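Quick caveat: nothing in here was measured; it's all calculated off a predicted structure. Below, all heavy atoms of this structure are taken into account, side chains as well, without hydrogens, waters or symmetry copies.
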Amino acid sequence: MIKRNKALFNTADYLASAGDGRKIVHLKAKHRLYSQGGPADSVFYIQSGNAKVTVVSSKGKEATITLLAAGDFAGEESIAAVGAIRLSSASAVGACVALKIDREQMLSVLHEEHSFSDFFLNFMLVRGMRTQADLIDQLFNSSEKRLARILLLMANFGKPGDPETLIPRVTQETLAEMIGATRSRVSFFMNRFRELGLIEYNGRIRVHKSLLSVVLNDQLPEQNASLPKLPKPLSSPVRTAKLAKRV
């Protein structure tokens with residue numbers, strides 16, 4: 001009896017198609033993938049388009065936590081426990097296509113397919129690093145630098161492949177929520193970026209690579225940007241002996 005080998009699992013094909021416990025959903029702008037307070041019973045994988053994750057406080061104030069792009073997972077907290085509740089909401093920024101994976105199916109493929117679990121673990125590690133970078137950004141960087149960083153992230157600078165310089169439609173209110181500033185400050189910074197030729201802004205925002213200079217360089221004074229000074233030479237034996245006699 002000939003034993004057939006199990007068909008090789010392909011992560012890209014799995015995330016690109018519907019099947020057992022998973023289906024493809026098409027969303028228009030502002031339509032939700034899931035809502036805060038709802039049951040956390042599925043994970044979403046963004047196939048195309050963009051989405052944003054928001055939270056609403058007990059007083060009704062909404063804040064945007066992060067933006068999602070193609071290749072991102074959302075709602076992964078559903079894996080943690082049965083009966084978990086969504087801590088945030090996710091909604092499409094524009095036309096968006098996502099793969100909805102039921103919790104049981106997600107757990108099953110994570111346990112059975114090592115290539116998929118490696119892929120998902122890598123995503124979670126990168127997201128953890130991004131969250132840490134966001135916290136550092138909020139604590140130590142100016143609001144202008146935080147805005148530049150958000151625009152670059154939305155344009156996929158730093159990711160493999162060519163960046164999408166024309167970023168998704170996003171309001172200044174949303175950008176202000178993300179960097180912890182007022183809309184008027186965002187408007188001021190956007191106008192300055194445009195005057196400096198760092199972005200083009202006419203309905204849609206086009207990000208130029210030169211905007212990286214705002215994030216990577218702190219425009220330090222000349223004395224701080226110069227070569228480091230050499231350390232002072234060690235005292236000679238003769239000078240050291242003279243100093244010892246004086247003591």
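In this structure, CE in Met124 is found 8.5 Å from CG in Leu121, a value given to the nearest 0.5 Å. Atom CD1 of Ile150 is separated from atom CG of Leu147 by 8.0 Å, given to the nearest 0.5 angstrom. Expressed to the nearest 0.5 Å, how far CD1 of Ile101 lies from CG of Leu110 amounts to 8.5 Å. Taken to the nearest 0.5 Å, the CD1 atom of Ile205 stands 9.0 Å off from the CG atom of Leu166. Ile167 CD1 to Leu67 CG: the interatomic distance, rounded to the nearest 0.5 Å, is 8.5 Å. Taking OG of Ser35 as the reference point, atom CD1 of Ile85 lies at 12.0 Å (rounded to 0.5 Å).
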Arg206 vs Ile199, side chain to side chain contact (heavy atoms under 4.5 Å, CB included): CA-CA, chis, key distance, verdict
CA-CA 6 Å; Arg206 185 179 297 278; Ile199 64 171; over 6 Å; no

Side chain to side chain contact (heavy atoms under 4.5 Å, CB included) assessment of Thr54 paired with Ile65
CA-CA 5 Å; Thr54 59; Ile65 301 175; over 6 Å; no

Is there a salt bridge (Lys or Arg N to Asp or Glu O under 4.0 Å) between Glu144 and Arg185? Walk through the geometry before answering.
CA-CA 8 Å; Glu144 183 175 29; Arg185 291 298 288 168; over 6 Å; no

Step-by-step side chain to side chain donor-acceptor pair (under 3.5 Å) determination, Ser184 to Ser187:
CA-CA 5 Å; Ser184 60; Ser187 178; over 6 Å; no

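Residue Leu33 is not grouped with residue Leu87 when hydrophobic side chains (ILVMFWY) are merged at heavy-atom distances under 4.5 angstrom, including chains of intermediate members.
Listed by chain and number, the hydrophobic cluster partners of Val126 come to none, as no ILVMFWY side chain reaches under 4.5 Å of it.
Nearest approach of Phe123 to Phe73, heavy atoms of both residues: CZ-N, 3.2 Å.
Of the possible polar contacts, none joining the Asn191 side chain to the Phe188 backbone as a donor-acceptor pair under 3.5 Å is found. Side-chain atoms of Thr131 come within 3.5 Å of backbone N or O of Arg127 as a donor-acceptor pair. When atom types are taken as modelled, the side chain of Ser117 and the backbone of His114 share a donor-acceptor pair closer than 3.5 angstrom. In this structure, the side chain of Arg103 engages the main chain of Ser78 through a donor-acceptor pair within 3.5 Å. Of the possible polar contacts, one joining the Asn10 side chain to the Asp13 backbone as a donor-acceptor pair under 3.5 Å is found. Side chain of Arg146 to backbone of Ile179: a donor-acceptor contact under 3.5 angstrom is found.
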Quiz: residues 19-31 side-chain donor-acceptor pairs under 3.5 angstrom, not counting sequence neighbours:
{"from": "Arg22", "atom 1": "NE", "to": "Tyr14", "atom 2": "O", "distance (Å)": "3.2"}
{"from": "Arg22", "atom 1": "NE", "to": "Ser17", "atom 2": "O", "distance (Å)": "2.9"}
{"from": "Arg22", "atom 1": "NH2", "to": "Ser17", "atom 2": "OG", "distance (Å)": "3.4"}

For residues 44-53, run the donor-acceptor check on the side chains, cut-off 3.5 Å, and write out each pair with its distance to 0.1 Å, sequence neighbours left out.
{"from": "Gln47", "atom 1": "NE2", "to": "Leu15", "atom 2": "O", "distance (Å)": "2.8"}
{"from": "Asn50", "atom 1": "ND2", "to": "Leu68", "atom 2": "O", "distance (Å)": "3.4"}

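Ring geometry, Phe193 versus Phe189: the interplanar angle falls under 30°, so the pair is classed parallel (tilted spans 30 to 60°).
In this structure Asp134 satisfies the salt bridge (charged side-chain N to carboxylate O under 4.0 Å, His left out) test together with Arg130, Arg149, sequence neighbours excluded. Under the side-chain contact (heavy atoms from CB on, under 4.5 Å) criterion, Glu177 pairs with Thr64, not counting sequence neighbours. Listed by chain and number, the residues in a side-chain contact (heavy atoms from CB on, under 4.5 Å) with Asp41 are Pro39, Arg86 (sequence neighbours excluded).
Looking at Val55 and Gln36, their side chains come closer than 4.5 Å, going by heavy atoms from C-beta outward. A 4.5 Å side-chain heavy-atom check between Leu211 and His208 finds every atom pair outside the cut-off.
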